[in-house]
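What follows is one structure encoded as structure tokens, with my remarks underneath.
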Amino acid sequence: MIPETLREVLKKDGVVAIATLGSDGPHLVNTWNGYIRITDDERLLIPAGYYNKTEANISVNDNVLV
């Protein structure tokens, strides 16, 4: 279940940091709150166009910190 506090935060202007960990260490990218969508089944959809390093890191370590 996605907490109401997070839902409220996502309605405001702001930045979300996305951290992954690859073989060469941590990697950070960001997106804007306004781009994130919550699905009916309580998943966060975060667009990540051109996040090549993030994608590569997830292919070897699927832990993601948002």
Original post:
Under 3.5 Å, side chain of N30 to main-chain N/O of V15, donor-acceptor pair present?
Top reply: no
Original post:
With a 4.5 Å heavy-atom cut-off, do T31 and I46 have their side chains touching?
Top reply: yes
**OP:** Starting at NE2 of H27, measure out to CD1 of I58 and round the result to the nearest 0.5 Å.
**Re:** 10.0 Å
Original post:
From L6 CG over to M1 CE, what is the distance, rounded to the nearest 0.5 angstrom?
Top reply: 12.0 Å
**OP:** Take V66 and V16 through the test side-chain contact (heavy atoms from CB on, under 4.5 Å) and record every step on the way to the result.
**Re:** CA-CA 7 Å; V66 178; V16 175; 3.3 Å; yes
Subject >> Summary of side-chain hydrogen bond (donor to acceptor under 3.5 Å, both in side chains) pairs that have at least one residue in residues 34-47, sequence neighbours excluded >> reply: R7-E42, T39-D41, D41-R43
Subject >> Qualifying residues under salt bridge (Lys or Arg N to Asp or Glu O under 4.0 Å), relative to D24, sequence neighbours excluded >> reply: K53
**OP:** State, to 0.1 Å, how close A19 and L28 come at their nearest heavy-atom pair, and which atoms those are.
**Re:** CB-CD2, 3.2 Å
Original post:
Does the side chain of I2 reach to within under 4.5 Å of the side chain of L44, using non-hydrogen atoms?
Top reply: yes
Original post:
Is it true that a side-chain atom of N33 and a backbone atom of V9 form a donor plus acceptor pair closer than 3.5 Å?
Top reply: yes
Subject >> Euclidean distance, S23 OG relative to N57 CG, rounded to 0.5 Å >> reply: 7.5 Å
Original post:
Taking the side chain as C-beta and beyond, is there a heavy-atom pair between L65 and I18 under 4.5 Å?
Top reply: no
Original post:
In terms of hydrophobic clusters joined by side-chain contacts under 4.5 Å, are V64 and V29 together?
Top reply: yes
Subject >> Criterion side-chain contact (heavy atoms from CB on, under 4.5 Å) on N61 and T20, from CA distance to verdict >> reply: CA-CA 8 Å; N61 179 353; T20 58; over 6 Å; no
